[in-house]
Amino acid sequence: MEHHTVIIVGGGPAGLPLAVVLGGWHPYYRGSHIFTQRYPQLADVLCQLKHTLLKLDFKALLRQGIPPVDLFRLLHHPRLKFLELSQIALDFRPEESIDYLLITQEEVGGLWNNVPQNLLTLSPGQWMEFPFYPLAQHIKEQGLELDVNALINKQNLLHYYHRIPDRFAQTDRIHTHEKVTRIEPHERGFLLTSRDVGTETTHRYTCKYLVYAVGQRCIPRQLNVPGEELSFVVDHYNRPEDFPGKRVVVVGGGRSADWAATELYDAGKQIYYVMRQPFERHWRLISDSRGGLPYYARIAEIMESRTDRFQTLYRTHIQSIEQGKAGSLVTLTRDGQEQVLEIDHVILEIGGTADYSLFEGFPPLKLVEKYDNYRFQLHQAETHLHNYESINIPNLYMGGYLAAGLGLVVIAMHGTTYAIAGDILQKEGRIL
Ligand SMILES: Cc1cc2nc3c(=O)[nH]c(=O)nc-3n(C[C@H](O)[C@H](O)[C@H](O)COP(=O)(O)OP(=O)(O)OC[C@H]3O[C@@H](n4cnc5c(N)ncnc54)[C@H](O)[C@@H]3O)c2cc1C
């Protein structure tokens with residue numbers, strides 16, 4: 001059976017940078033004008049350090065009120081707008097790698113491989129980057145024309161993430177299209193069983209440290225209504241061309257559903273937009289976002305036009321979906337009143353949940369619920385705040401925002417990378 005010191009499960013924006021840092025690219029403080037100007041006390045302390053920041057005493061820092069996730073965010077983004085590479089107060093130097101393996105069930109880049117073809121981020125492109133490879137540098141190296149302070153689309157973001165394994169010579173340690181199916185205790189730490197996606201070939205590995213970075217969308221949510229399995233019902237929206245008919249029911253109410261409903265409307269479809277939440281809640285998100293995000297300005301404009309081609313159905317529940325003699329039917333209820341729609345497609349954009357069911361034979365993880373303004377929601381696991389290690393399963397680290405309390409966006413969770421890598425390397429006595 002193959003053994004590794006560390007195994008990372010999940011190659012999204014949380015797991016991928018850990019591979020690079022464990023692969024030997026260690027952060028050092030180099031300072032920057034803007035960092036020193038804004039955080040002079042931190043700069044005074046950090047500029048004395050000759051060693052890598054992975055050697056910091058993260059526990060002591062936390063006692064002084066500085067969680068590692070925030071420290072590294074400030075070093076990476078001392079101001080939110082990107083003006084020049086030299087504003088990043090971190091420098092990465094290649095050093096000895098630790099033995100690790102990253103296993104992920106799609107390409108690296110995580111859920112961005114599966115979002116709609118034209119989806120734009122919520123945040124500027126450079127908030128999605130890793131500091132060892134600023135987006136501005138990628139653009140320069142690849143001869144691209146992109147504004148790093150503008151929203152970035154799926155294609156350009158994936159191009160950036162997909163480039164990273166090769167750019168940092170980590171390709172050999174990354175297994176893509178392999179799904180971890182079970183994680184059990186083992187005398188060497190953890191025993192993982194995995195399967196190559198689309199085949200029956202299984203693998204078994206052991207490791208001493210495990211980083212669980214599977215993101216929030218492992219298990220798609222279901223409506224649990226009759227007819228959900230019919231061929232005209234899909235749980236994934238990619239692009240309007242996939243929906244040749246005219247009448248589309250979009251079920252959701254969060255950001256992914258908003259995107260699908262807007263794009264399909266603009267492609268000329270008749271939209272029935274069904275959600276359980278009341279109008280006020282949905283409209284609050286739209287009006288809060290319309291100033292900064294062009295696609296929210298667009299949905300606001302469509303709704304304000306009160307066009308019949310975009311019907312929003314609030315506080316509405318789907319009861320059943322069926323293939324009638326004359327066409328496909330969806331039965332809805334609102335306040336006890338029933339309504340039947342004749343439609344061509346149903347798109348479920350009702351999110352997914354993080355999958356903790358892979359763990360067998362461990363004490364149960366302590367989970368807490370987390371929501372954000374964009375209706376992302378998931379269960380996070382309680383961890384120590386200085387290293388993001390589970391509070392009840394030693395040597396298990398929660399990657400990205402699976403650790404309790406972290407914000408559900410890349411800029412808010414990326415800093416955990418360094419505390420996790422630092423903790424493992426310190427335990428292994430690998431940092432001098
Ligand atoms: C529609 C949408 C839009 C978003 N927009 C933004 C945005 O604009 N800005 C922002 O900062 N954040 C955004 N987010 C938050 C988003 O979750 C992050 O951008 C980021 O992708 C999360 O990274 P992650 O690595 O934690 O998870 P993921 O990106 O989900 O990556 C986890 C990876 O692990 C894989 N995996 C899961 N289970 C297994 C298993 N058992 N075995 C092997 N591999 C497994 C998954 O398939 C996936 O590839 C958005 C989220 C969604 C859903």
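One-based numbering, in listed order, for ligands and for the atoms of each.
Electrostatic pairing of Glu184 and Arg182 counts as a salt bridge here, judged by a charged N lying under 4.0 Å from a carboxylate O.
Taking atom 17 (O) of ligand 1 as the reference point, the nearest protein heavy-atom neighbour is Tyr401 OH, 2.2 Å. The nearest heavy-atom contact from the protein to atom 26 (O) of ligand 1 is Ala14 CB, 3.6 Å. In terms of protein heavy-atom proximity, atom 50 (C) of ligand 1 is closest to Phe376 CZ, 3.4 Å.
The residue Asn113 has no part lying near ligand 1, judged by heavy-atom distances below 4.0 Å. With a 4.0 Å cut-off on non-hydrogen atoms, Trp112 touches ligand 1 through its side chain and not its backbone. Only the side chain of Met413 comes within 4.0 Å of ligand 1, counting heavy atoms alone; its backbone N, CA, C and O stay farther away. With a 4.0 Å heavy-atom cut-off, ligand 1 is reached by no atom of Trp127. Residue-level proximity to ligand 1 for Ala213 is carried by the backbone, the only part with a heavy atom below 4.0 angstrom. Contact annotation for Val9 and ligand 1: only side-chain heavy atoms (C-beta onward) come within less than 4.0 Å of the ligand. Here Glu106 has side-chain heavy atoms under 4.0 Å from ligand 1, and that is the only part of it that gets that close.
By the 30° and 60° cut-offs, the orientation of the rings of Tyr160 relative to Tyr133 is parallel. Classified by interplanar angle (parallel below 30°, tilted 30° to 60°, perpendicular above 60°), the ring pair Phe130/Phe132 is tilted.
Of the candidates Val409, Val108, Leu111, Ile103, the one placing a heavy atom closest to atom 30 (O) of ligand 1 is Leu111. In the candidate list Glu349, Met398, Lys154, Met128, Met128 is nearest to atom 10 (C) of ligand 1, counting heavy atoms. The residue from Gly400, Ala257, Gly254, Ser256 that puts a heavy atom closest to atom 1 (C) of ligand 1 is Ser256. The heavy atom nearest to atom 5 (N) of ligand 1, out of those in His175, Arg195, Arg255, is found in Arg255.
Put simply, OG on Ser32 and CG on Leu85 are 11.5 Å apart, with the number rounded to the nearest 0.5 Å.
In this model, no donor atom of one side chain and acceptor atom of the other lie less than 3.5 Å apart for Glu389 and Tyr209. For the residue pair Tyr273 and Asp258, a side-chain donor N or O sits within less than 3.5 Å of a side-chain acceptor on the partner. Counting only N and O atoms by type, the side chains of Thr206 and His3 include a donor and acceptor under 3.5 Å apart. If you check the side chains of Asn113 and His162, you find a donor sitting under 3.5 Å from an acceptor.
What you find for Asp344 and Lys246 is that their closest heavy atoms are OD2-N, 3.0 Å.
Considering both main-chain and side-chain atoms, Gly10 never comes within under 3.5 Å of ligand 1 through any nitrogen or oxygen pair.
Using a 4.0 angstrom heavy-atom cutoff, Leu358 counts as in contact with ligand 1. Not a single heavy atom of Glu107 sits under 4.0 Å from any atom of ligand 1.
Under the 6.0 Å distance and 45° angle rule, Arg309 counts as a cation-pi partner of Tyr265.
Put simply, the residue from Arg188, Glu2, His175 that forms a side chain to side chain donor-acceptor pair (under 3.5 Å) with Tyr205 is His175.
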